[in-house]
Each structure stands twice: as structure tokens, then as C-alpha cells.
Amino acid sequence: MNNPDYMEAKKYGEDISLDEELYRNLSGFHIKSLYGPEDIPKFDYGTDLGLPGEYPFTRGIYRTMYRGKPWTIRQLGSLGSPSEANRRIRQLIQMGSTGVSICLDMPTIMGRDSDDPMSEGEVGSCGGVAIDSLEDMRNLLEGLPLDEISINFVSNSQSPVILAMFVAVAGEQGIPLAKLNGTMQNDILKEYQAQKSYYFPPRPSMRLTIDTLRFCSENMPLFNPISISGYHLASAGATPVQELAFTLANGFTYIEEGIKAGLSVDSFAPRLSFFFKAHNDFFENIAKFRAARRIWSRTIREKYKAEDPRSWRFRVHTQTSGSSLAAQEPENNIMRVTIQALSAVLAGTQSLHTNAFDEAFSIPTPRSEKLALRAQQIIARESGVINTVDPLGGSYYIEALTNEMESVSYEYFREIENLGGVISAIEKGFYQSAIADSAFKYQEEIEKKKRIVVGLNEFVTDEEMDIELREPDPEFEKQKVADLTALKKNRDLNVVKTCLSEVRQVIQGSDNVMPVLIKAVKSRVTLGEIINVMRDIFGEFREESIY
Amino acid sequence: MKKSKDIDEMIQQLFAGNRRAASRLITRVENETEDHHEIMKKIYPRTGQATIVGITGSGGAGKSTLTDHLIQKFREQGKTVGVIVVDPSSPFSGGALLGDRIRLQRHFLDDGVYIRSLASRGCLGGLSSATYNVIRILEAMGMDIIIVETLGAGQDEIDIIHIANTCILVATPGMGDDIQAMKAGIMEIADIIALNKSDLEGANRSLRQLQTALSVASLEEGQWAPRVIPTVSIGSRPEDLKGIDELASAITEHQEYLHTTRSIDKVKFERVEEELGLVFKDELQRLIFKGLRGTGKKRKYINSIIEGKNDPYSVVEEILNTYLIRKKKK
Amino acid sequence: MAGERKKRILIAKPGLDGHDRGAKVVARALRNAGMEVIYAGLHQTPLQIVNTAVDEDVEAIGLSILSGAHKTIFPKVMSLLKQKGISDILVFGGGTIPKKDWGILKSIGVGEIFPPGSDTREIAAYLYKVL
């Protein structure tokens with residue numbers, strides 16, 4: 001090894017590992033032992049960073065960042081039963097949560113009603129809410145200040161229906177659409193790439209997404225109609241730089257599709273938001289966010305000609321890394337989550353979800369949930385890191401890493417472009433195999449101890465926590481199916497039929513599907529009934545490429 | 001080793017169409033267990049009647065999705081279908097990842113369809129002698145149609161033509177240069193060319209190129225003229241698909257051609273000829289190496305070749321002269 | 001090579017859940033360990049899985065389940081195998097399956113369970129040992 005740093009260090013008798021391979025971040029970039037001015041040779045403060053709140057937003061999207069407005073503390077509040085979930089959400093608000101995320105159960109995620117044969121044994125699974133009809137949405141949101149609290153629906157393929165129900169309930173509560181806060185995840189592209197909860201082929205799915213986008217840009221100016229999610233890509237195995245590049249490319253695709261549908265870019269770009277994972281490598285994580293802001297603002301402004309500065313802002317929600325949590329010595333996860341959360345804050349996130357230390361393996365206890373929330377409050381109120389904006393800006397290492405993240409992203413953009421764009425790359429299996437490759441490589445690194453997980457492959461003790469699942473309660477399933485059966489019996493079947501045939505008609509044409517969906521859910525047509533009509537028209541997607 | 005009584009029983013079950021028996025017999029012939037000769041001898045009389053359709057083409061061309069639709073068509077015609085999907089083994093570990101079944105999953109619950117994934121196990125041409133035997137087993141099981149899907153369309157990888165009655169090459173738009181390069185080979189490989197993904201840009205150009213390539217080929221009077229059929233095999237709605245019916249009828253027409261012109265005799269002859277050659281080669285090698293076992297001679301021969309004192313051709317001649325031919329004269 | 005029995009393993013993801021990271025990593029690792037792995041993909045029903053296992057003559061079926069549906073799915077697969085008179089195919093599992101349920105699964109004949117954090121080399125070694 002003739003690295004001059006090492007030679008110099010050796011001279012002074014320093015003991016250093018010569019295994020360069022150990023000094024790689026999760027994206028596989030080689031990390032030097034020291035960074036200096038030579039690593040950011042053409043650095044220009046004005047063009048590369050700019051002031052916080054100013055183009056290209058590398059240092060943050062707001063001038064005063066957390067001094068002006070703290071990030072949203074957004075914890076998870078869902079349970080199988082809509083009314084129980086409602087109680088849990090109220091508790092979270094009481095503890096100081098200013099936003100809340102709501103997950104759906106597997107059948108709802110897959111567009112099936114609770115009484116569908118495929119749903120058997122999975123109603124209320126994975127701690128998600130079972131939503132069949134407007135009744136469920138009403139119970140879920142009862143008494144919540146929808147114009148104050150920001151609700152994030154972790155809803156994707158079924159988003160148009162969930163949005164229709166949300167709009168209908170808000171109407172019942174007398175809250176004007178223009179005041180509705182919140183987010184619909186509604187990111188279909190990453191479903192094909194990683195999460196695999198798709199129903200239809202990508203192109204009709206995209207049409208539905210654009211319908212929701214248009215509806216929100218016309219009626220719900222405070223609502224975020226899509227949260228473009230790298231988190232799931234990363235959970236499926238994408239490296240941080242893949243997460244960055246793939247997520248942004250997806251974002252650009254929504255922009256292009258919106259423009260293609262006749263929307264002006266400034267009418268919806270400001271409402272697009274993002275969702276990143278805070279992974280283990282501290283500085284790499286920070287560089288990922290900074291590169292994202294810079295690439296997004298430049299591309300939106302220069303390529304897509306957005307003029308409204310709000311369109312240039314990369315707004316992001318962050319969650320700590322569920323897949324980095326270990327069952328071995330579970331309390332270690334508190335430290336992991338705290339470090340990840342700190343990196344997300346130093347990276348300038350707009351909202352943050354800290355995982356409970358037992359969350360990936362067990363039903364979080366009120367205590368572990370509280371600890372997770374407290375981690376955020378301690379960072380915000382005790383650590384002093386929020387006192388100044390972007391304290392790491394200008395660090396040779398951070399800036400060099402940000403540049404590298406950015407340039408590798410552009411390489412990925414070119415690759416995707418050469419495949420004919422994002423949807424075409426999905427159809428060709430590009431993402432599926434790139435992500436599976438990274439997942440396999442990561443596993444190999446763990447097994448060969450090139451990557452250390454304390455308590456798992458180093459400093460191992462036999463203290464382990466058992467997995468404890470929020471298993472679906474068979475009694476709840478029975479009750480839910482009974483309620484749904486009753487609901488289906490007590491409605492006007494002719495109205496249901498008319499609504500469904502209207503849905504069929506609209507999706508065969510090109511009108512926005514939202515108005516007929518809102519009418520349908522108000523007439524107690526169920527989510528599964530609506531999705532089945534769409535399945536009938538659009539067909540079902542099958543993954544063609546696997547590795 | 002299984003008792004021969006068990007094997008007999010399995011074979012009887014195979015004749016009755018039992019899938020589990022078929023599966024286990026396939027494993028035995030694929031692994032070339034010591035009784036695989038016995039198995040093949042016993043089933044052979046019940047074979048030779050199926051229509052064998054070969055589907056070849058490079059990875060990602062859409063072979064499996066076309067196979068999926070063809071299975072459907074044949075089932076609609078009331079025919080039973082056996083499918084063999086050959087995928088490469090890893091040259092490093094000898095293992096294999098076989099995932100093509102995923103695209104055939106709508107047939108998993110159909111008793112009239114049997115699907116088996118085979119790893120190439122180091123056989124570059126795509127088809128090992130084991131594949132020949134697996135086809136025979138599916139014939140003995142009573143399958144009307146056997147689809148054999150293999151990777152590769154290079155000129156070295158056309159083993160499939162020795163087995164298949166009807167051979168389909170799956171091409172995609174934008175492989176124009178490849179088409180030029182394999183112009184001669186194409187004619188020999190393919191009875192039908194499916195230009196898949198024909199909804200993509202450049203499809204018309206590729207179609208013309210293929211048609212030109214085919215039209216300049218000199219055909220004898222009455223000889224089958226290979227044809228190109230534009231297809232779209234991926235689509236979640238029936239109306240998104242294209243050319244599937246045409247492809248299925250082209251197969252039928254080709255079969256009719258083979259039978260009316262008696263060309264089928266030539267196809268059958270070639271299949272058996274190839275098979276005979278393969279069995280000979282395998283057996284001879286096995287026999288010779290078995291004979292050399294324990295004598296230390298194999299090692300000596302190899303070393304002498306490495307040292308440059310000898311070459312494989314002289315060695316084989318020497319072995320054949322000394323051991324085999326003389327032995328026979330005795 | 002005459003008489004060589006390659007290990008053939010089926011890896012499948014039953015149920016509605018689409019998290020296939022683990023299943024794919026294990027499929028690859030077993031391939032690299034010299035096995036022939038049939039990957040059956042997402043959303044497979046127990047009957048589809050058992051039919052595939054029969055056609056492919058696998059020695060083992062590995063089921064990856066993260067949705068909590070293991071207590072529904074494993075028994076269904078085991079009883080279908082039994083119905084078809086198959087007793088020589090090993091069924092093993094992976095994913096988020098609580099230890100407290102392992103006993104129930106093992107009592108109906110399921111083999112080893114590999115929780116998150118398992119070393120893929122151990123999975124391969126286990127299969128080579130028991131098959």
C-alpha cells in the first residue's frame with residue numbers, strides 16, 4: 001500500500017489498518033483518510049451551495065430552518081381497527097406528535113375487501129388499518145383536527161380511493177378542501193421497483209396518479225398528493241446513492257407525466273414531497289439529502305422550466321432505518337435510531353419518524369414508542385444542533401461526498417434514460433435486478449464481516465429478542481367481515497351498480513376519475529369493489545424480470 | 001439405488017400420466033443414475049409421437065411470455081402440454097437460479113400442463129443428452145405437445161433444431177445487426193421467427209430486415225418458407241397482445257407441412273441420429289474411463305499431453321486401438 | 001457426472017405480502033452454494049407452491065413470510081403435501097416468525113426456521129446436512 005497518508009503515518013509509528021476495503025460507505029464509495037481543499041477543486045459557494053432557502057438549496061430549503069420552524073415529529077399511529085387506530089393517533093398527538101402516519105393492512109394494500117377470500121387471515125395484519133368503506137375512514141378520522149394535524153396515508157396503489165374517502169369525510173366534518181393538510185404516499189413507481197404492492201401495469205397506474213395529482217392541485221393546495229419514496233427502495237436493498245438517484249428519477253417522471261397531462265409544472269411541483277431513509281453511514285446520509293436538494297432544484301428549474309421557487313424545493317420526510325435494527329441486544333437500536341435521527345436533522349429533513357427500538361421485531365410498547373419520540377425531542381431541545389443552519393456546510397468531506405453522490409446520480413439518470421425512461425426500465429426489470437444485486441452484496445459484506453453490526457457479527461452475546469408480531473386478531477377479522485356484510489346488505493344496490501358503471505366508464509375514457517370515486521364511496525361502494533372494476537379494465541401486472 | 005421393481009412401478013405410473021412419477025423419473029435421468037438406461041429402454045417404445053416445439057432466443061426477448069400464451073392456445077385446442085425450460089447453470093458453483101416458471105404461473109393448477117425447469121449443467125449448447133431423455137419422459141407421460149425453451153440464438157447454440165419438429169426463434173426490434181450477422185444461421189434454426197415486442201420503436205424496420213433476409217434464401221420446390229410473425233407477448237389485457245393466434249396457427253401449418261410432405265420422417269431421423277450420437281459419446285466415454293479407473297493411466301495420458309509429449313487425438317486413437325477394438329476382435 | 005444428485009430447492013413467497021428481499025438473497029446464496037433453486041415468485045397460494053414442488057421434484061421448499069400469516073400458510077402447505085402422499089419434501093422457513101411459534105410449526109413437521117439476521121451459509125449448510 002503506497003498511500004502517502006499511510007506512509008506518513010507509519011513514519012510516526014501510528015498503527016493503522018491497511019485494508020482499504022474497510023473504508024467504504026454503503027454506496028461503495030471509497031473514503032479517503034483525509035479530505036482537504038483539493039477534494040473540492042472547483043468549489044464555488046454561490047453556485048454549489050448558496051444561502052439556505054436559496055437556489056440551489058444545498059444548505060436547506062428554508063432560510064432559518066429549524067429556528068424558524070421545527071421539523072414535524074411524525075410517528076406511526078395505526079392499528080387494525082379504525083377506531084382503535086383513532087385512539088392511538090389521539091395519544092400520539094397528546095404526547096407532542098405534530099403529524100401522524102397511517103399504515104394499511106395487507107388486504108387494503110392489495111386492493112381487497114376484508115371479506116375477499118384472498119384476505120383470509122390477513123385482515124388487520126402488520127399493524128395496518130383495514131379500510132373497506134367510508135365507514136372505516138369516518139371511524140379512523142373521527143374528531144381529529146384535519147386542518148391542523150398533518151396526516152400521512154401510507155397508501156399507494158389504492159390511493160385514488162383512499163383520497164376520495166378522505167375528501168368525503170372532511171366534507172362531512174365541514175372542513176374545506178383548501179384547508180386539508182397531509183400527504184398521500186401515492187408513489188406507484190417504487191411499488192414496481194421495490195415494494196411490490198401493485199395491481200395494474202405501470203402505465204394505467206400512472207394515469208390514476210396523475211388524476212389524483214390534478215385533483216389535488218385544483219382543490220387541495222395544502223395537501224401533498226405524492227410522497228416520492230426512496231425509503232422502500234433502500235429497504236429492499238438499494239444503496240444510498242441508488243436510493244437518491246432512483247427516487248429523483250421517479251420524481252422527474254411524475255413531473256414529466258404531469259406536464260404531459262397538460263398541468264403547468266408550477267401548479268403541482270411545489271406539492272410533491274419526498275421520503276428518504278436515514279441509514280447507518282452518518283455523513284453519507286447527510287450528503288445524500290444535500291445532493292438531492294441540489295439536483296432537484298437545478299433540474300426542475302433548468303430542465304422543466306419551473307419558475308415558482310417553491311417548485312425548486314426538495315421537501316422530505318425521513319424515517320430511521322427499520323432494516324438496520326437488530327434483534328440481537330435490541331436496546332442497541334436506541335443508539336442506532338438516535339444517530340440516524342441526528343444525521344437526518346443535520347441533513348435538513350422537514351419531518352422525521354424515529355423507529356421504536358423493538359419495532360422491526362415486536363409490537364412496540366408504549367415505553368419504546370415514547371423513547372423513540374423522545375430521541376427527536378432531545379435532539380431538538382438539548383443537543384444544540386438546531387441553533388445554526390447547516391452546521392456541516394463547507395466541510396471538505398461533506399462537500400466532496402455531496403459532489404460524488406450527485407455525479408453518480410447523473411450516471412444512473414443516463415442509464416435509465418438509455419433504457420427508455422423509468423417506466424420502460426421497470427418493464428425491463430432494471431430496478432428489480434439492481435436492487436437485488438445490492439441486497440445480496442450487503443448480505444455478503446455482513447457475512448464476510450466487511451460490514452459490522454454490533455451484536456450480530458461482532459461482540460456477539462446470546463442476548464436476543466424474540467420477534468413479536470401484531471398478528472391479525474381472528475375475532476377482529478370476523479367482526480370486520482360481519483360489519484362489511486351488514487353494510488353491503490343495507491345499501492341501495494342500484495346506486496352501487498350505477499356508481500361502479502360510472503367508474504368503469506370514466507377509467508375507460510380520459511376524464512379525471514376522482515369525482516366519480518368520491519360519489520361512489522359516499523354511496524358506500526367499497527374499496528375492493530372499485531379496485532376490481534379497475535382490474536377488469538386495466539388488467540393485472542406481473543413482474544417479468546426477477547433478479 | 002432404487003430397486004428395479006420400484007422403477008417399474010414408477011414407469012407404470014408415468015404411463016398413466018402421474019406427475020410425481022414423471023418428476024422423479026426426470027430427476028433420475030437428469031442425474032444419470034445407474035438405472036437411467038433401464039428407465040429409458042423401458043419408456044422408449046411409448047415415445048416419439050408428440051409434437052415438439054422449440055423456442056429459442058436471447059435473454060429478455062420474451063420466450064417465457066410467448067410460451068405462456070402458446071400453452072394457453074394448445075390447452076384451448078384440448079391438447080396436453082409439457083414444458084421444459086432450460087436455464088444456464090453457474091459456471092462457478094454449479095448451482096442455478098431457475099425463475100422462468102413465474103411467467104407460467106397461471107397454468108400451475110392445470111392438470112393438463114406439466115412444467116419442469118432444467119439447469120444446463122455446463123452444457124453450452126443448451127441441451128444435454130439428459131434433455132433428450134426428459135423430452136422422451138414427457139412423451140411417455142402422454143403429453144401431446146412439448147415446448148422446449150432454451151436460451152441463446154448464437155449459431156453454436158442451435159441444438160434445439162435437432163429435437164424440435166417446429167423451431168421458433170424469438171427476436172426483438174433493434175437487433176438488426178445481429179440479424180445480418182446470423183442471416184445464414186437463421187434459416188437453419190428457425191421455421192418461424194417471432195418478432196416479439198413488435199410495438200416498440202424500430203419494429204417495422206426489423207420486420208423488413210428479417211423478411212428481406214428470409215426472401216433471399218434459396219428454397220427448394222415445396223420447401224417450408226420460414227416466416228416472420230410480429231408479436232406482443234406482454235400485456236395484461238387480451239387486446240394488448242398481438243400475433244399469438246397467428247403464431248399458434250403457424251405452428252399448426254408447419255406441422256401440417258411436415259406431415260403432408262413426409263418431411264416429418266427426416267425430422268424424426270435427425271432426432272434419433274443426434275440422440276444415438278450423444279448416447280454413443282456418453283457411453284463410450286463412460287466405458288473407457290471406467291476401464292482406465294485404478295490403472296493410473298488416465299493421469300499419465302493427461303500429463304503426457306500437458307508436457308507436450310502427446311496430444312488428445314493420438315491418445316484417443318491409442319486407447320481405442322489397444323483396448324476397445326482389440327478386445328472386440330478376441 | 002453420473003449419479004450426481006444436485007440439490008433442488010424451491011423458494012417461494014406465499015400470501016399477499018411483497019417483501020421479497022430475503023427470499024431473493026437466499027435464492028442467490030443457495031445457487032452460489034451449488035444448488036439448483038427454483039424461485040416461484042410473489043403471491044403464491046399453498047396449492048401453487050405444492051404443485052410446483054411436485055413438478056420440479058425438489059427436495060425442499062423454503063417459504064419466506066413476513067406478514068404474520070405463517071400460522072395459516074405453513075399448516076396449509078403441510079396438509080396439501082400430506083394429501084398428495086408426499087413425506088420426503090422438507091419444508092423450512094424464513095422471515096419474521098416469532099420463536100414462540102416455532103414449536104407449533106415444528107410439531108406439524110416444518111424444519112428449521114431462519115429469522116432475520118441469519119447467515120445464508122448456515123441455511124446452505126443446514127440443507128446439505130439434512131437432505
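Letters A, B, ... are given to chains in the order of the sequence lines, protein chains preceding strands, and every chain is numbered from 1.
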Which heavy atom of [X] sits nearest a heavy atom of [Y], and at what distance?
X        : Y        : result
C:Ser67  : A:Glu122 : OG-OE1, 3.9 Å
C:Arg21  : A:Ala439 : NE-CB, 3.7 Å
A:Lys196 : C:Lys24  : NZ-NZ, 3.6 Å
A:Gln443 : C:Val25  : CG-CG1, 3.6 Å

* Go through the side-chain N and O atoms of C:Thr120 and A:Glu447 and say whether any donor and acceptor fall under 3.5 Å apart. => yes
* Structure fact -> Ranking A:Tyr442, A:Phe440, A:Tyr198 by heavy-atom pairs under 4.5 Å to chain C gives rank one to A:Phe440
Around atom [atom1] of [X], are there more than 12 heavy atoms from other residues, nucleotides or ligands closer than 6.0 Å?
X        : atom1 : value
C:Lys100 : NZ    : yes
C:Lys82  : NZ    : no
A:Lys450 : NZ    : no

Tell me, for [X] versus chain C, whether the close heavy atoms (under 4.5 Å) come from the side chain, the backbone, both or neither.
X        : answer
A:Ala327 : neither
A:Gln195 : both
A:Met106 : both
A:Glu191 : neither

* Please test C:Arg28 against A:Asp437 for side chain to side chain contact (heavy atoms under 4.5 Å, CB included), starting from the C-alpha separation and ending with a verdict. => CA-CA 10 Å; C:Arg28 265 196 213 206; A:Asp437 284 347; 2.6 Å; yes
* To do: Look at C:Val26, C:Asp20, C:Thr72 and state which one has the largest set of heavy-atom pairs under 4.5 Å with chain A.
  => C:Asp20
* Heavy-atom distances under 4.5 Å only: say whether C:Leu42 touches chain A with side chain, backbone, both or neither. => side chain
* Asked: Relative to chain A, which segment of C:Lys71 carries a heavy atom at a distance below 4.5 Å: side chain, backbone, both, or neither?
  -> side chain
* In Å and rounded to the nearest 0.5 Å, what is the CG to OG distance from C:Leu16 to A:Ser125? -> 7.5 Å
* Asked: Within residues 49-56 of chain C, which positions have a heavy-atom distance to chain A below 4.5 Å?
  -> none
